[in-house]
Amino acid sequence: MPELPEVESVVRVLRDGVPTLVGLRIVTVNVAWDGVLSDANGDLDVAELEGCGFISVARHGKYLIFHLECPRKPSRDLIIHLRMTGRLFLVPHNEALARHTRLVLMLNNGLALRFDDPRKFGRAWLVDDAATIIGRLGPDALKLDPAEFCARLARHRRQLKPLLLDQSCVAGIGNIYADESLFRAGLHPQAISSELASDEIRRLHSAITSVLEEAVEAQGANIDGVFKAGRFAVSVYGRQGAPCRVCGSEIRKIRVGQRGTHYCPECQVLSPGDVPHPET
DNA sequence: CACTCTACCTGTGCGC
DNA sequence: TGCGCACAGGTAGAGT
């Protein structure tokens with residue numbers, strides 16, 4: 001389940017690894033599953049990718065941004081979203097396709113950039129300007145200015161959990177790190193954004209920042225028996241029924257905005273003004 | 001505007 | 001053992 005820290009790990013490998021993708025050129029493209037290219041924003045024209053060179057590898061929220069120099073246009077941006085189960089890596093040119101390989105970009109150094117995705121949720125776009133795709137997103141969760149974060153919370157009267165997952169508010173937080181950030185901030189997932197006190201907002205901001213920075217450092221989350229990309233140890237996500245690491249209370253799982261939500265009933269108390277839904 | 005539902009997918013893990 | 005099914009997740013789009 002790639003969220004911001006997992007996507008950042010991919011960026012660092014492709015940008016800073018040996019070999020780096022930067023400076024390499026796409027020779028041919030192999031589309032193993034058509035659906036990876038089609039989307040409401042238009043289909044990717046494979047022929048336009050051939051001959052393009054990688055200028056930079058970056059990220060905004062969970063979107064990967066490959067800035068390209070192209071034969072027929074000054075520049076283009078290849079955008080890839082890994083969604084739930086997508087993986088991106090460099091392999092030797094002749095490496096056999098895996099069962100879940102969706103897209104292969106053959107490169108001019110004997111390697112290939114391969115996109116594997118069992119659940120077919122991941123997508124790729126080729127656009128003149130990355131803003132076409134990421135323009136609607138809020139600021140990246142790792143570059144979140146406290147004052148702007150405060151303004152964005154105040155602007156809506158919404159439950160914190162769905163608001164944190166809304167990529168147009170803040171980009172990069174998914175279900176795991178939303179739960180982890182709210183736990184660290186000591187805030188209930190159903191607390192109302194516009195009703196937070198300023199110290200609560202500060203706590204949430206620093207919780208998001210520290211959780212994500214630690215997770216980037218650990219190269220992603222490590223969730224018991226499910227997801228083991230990195231070493232970040234979760235406190236609440238998937239730990240329903242287990243004791244809270246802080247107070248020993250039993251971690252609960254409820255549904256908030258259709259999403260599984262994990263929290264500690266002792267550490268994350270709803271303030272009197274907020275009305276919780278009686279959910280299980 | 002805030003929320004809910006549905007669609008998109010398939011591997012996993014449960015109950016029977 | 002094997003079958004069926006609910007479930008997980010991020011996002012877009014439609015509907016309330």
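Nothing here was measured: the structure is a model prediction, and the numbers come from that model.
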Atom-to-atom span, [atom1] of [X] to [atom2] of [N] - whole angstrom:
| X | N | atom1 | atom2 | result |
| --- | --- | --- | --- | --- |
| A/Arg255 | B/dC3 | CZ | P | 16 Å |
| A/Leu137 | C/dT11 | CG | P | 8 Å |
| A/His262 | C/dA8 | NE2 | C1' | 10 Å |
| A/Met84 | C/dT11 | CE | C1' | 11 Å |
| A/Tyr63 | C/dA12 | OH | P | 5 Å |
| A/Phe121 | B/dT10 | CZ | C1' | 9 Å |
| A/Tyr177 | C/dG9 | OH | C1' | 14 Å |
| A/Ile80 | C/dT11 | CD1 | P | 15 Å |

Does [N] have its OP1 or OP2 closer than 4.0 Å to a side-chain nitrogen or oxygen of [X]?
| X | N | result |
| --- | --- | --- |
| A/Lys120 | B/dC8 | no |
| A/Lys62 | C/dT11 | yes |
| A/His81 | C/dT11 | yes |
| A/His156 | B/dC3 | no |
| A/Gln258 | B/dC5 | yes |
| A/Lys253 | C/dA8 | yes |
| A/Tyr237 | C/dG9 | yes |
| A/Arg155 | B/dC1 | no |

Name the closest nucleotide to the [X] side chain, picking from [options].
| X | options | answer |
| --- | --- | --- |
| A/Arg158 | B/dG11, B/dA2, C/dT11 | B/dA2 |
| A/Gln167 | B/dA2, C/dT11, C/dA8 | C/dT11 |
| A/Trp33 | B/dC9, B/dG11, B/dC3 | B/dC9 |

Note to self: Distance criterion of 3.5 Å, no angle test: do you see the side chain of A/Arg119 paired donor-to-acceptor with the base of C/dA8?
What the structure shows: yes
Checklist line | Carboxylate-amine/guanidinium contact A/Arg25 A/Glu69, below 4.0 Å | finding: yes
Margin query: Could you check whether A/Glu48 pairs with A/Arg72 (Lys NZ or Arg NE/NH1/NH2 to Asp/Glu carboxylate O, under 4.0 Å)?
Written below: no
Is there a donor-acceptor pair under 3.5 Å between the side chain of [X] and the backbone N or O of [Y]?
| X | Y | answer |
| --- | --- | --- |
| A/Arg239 | A/Pro243 | yes |
| A/His156 | A/Ile192 | no |
| A/Arg102 | A/Pro118 | yes |

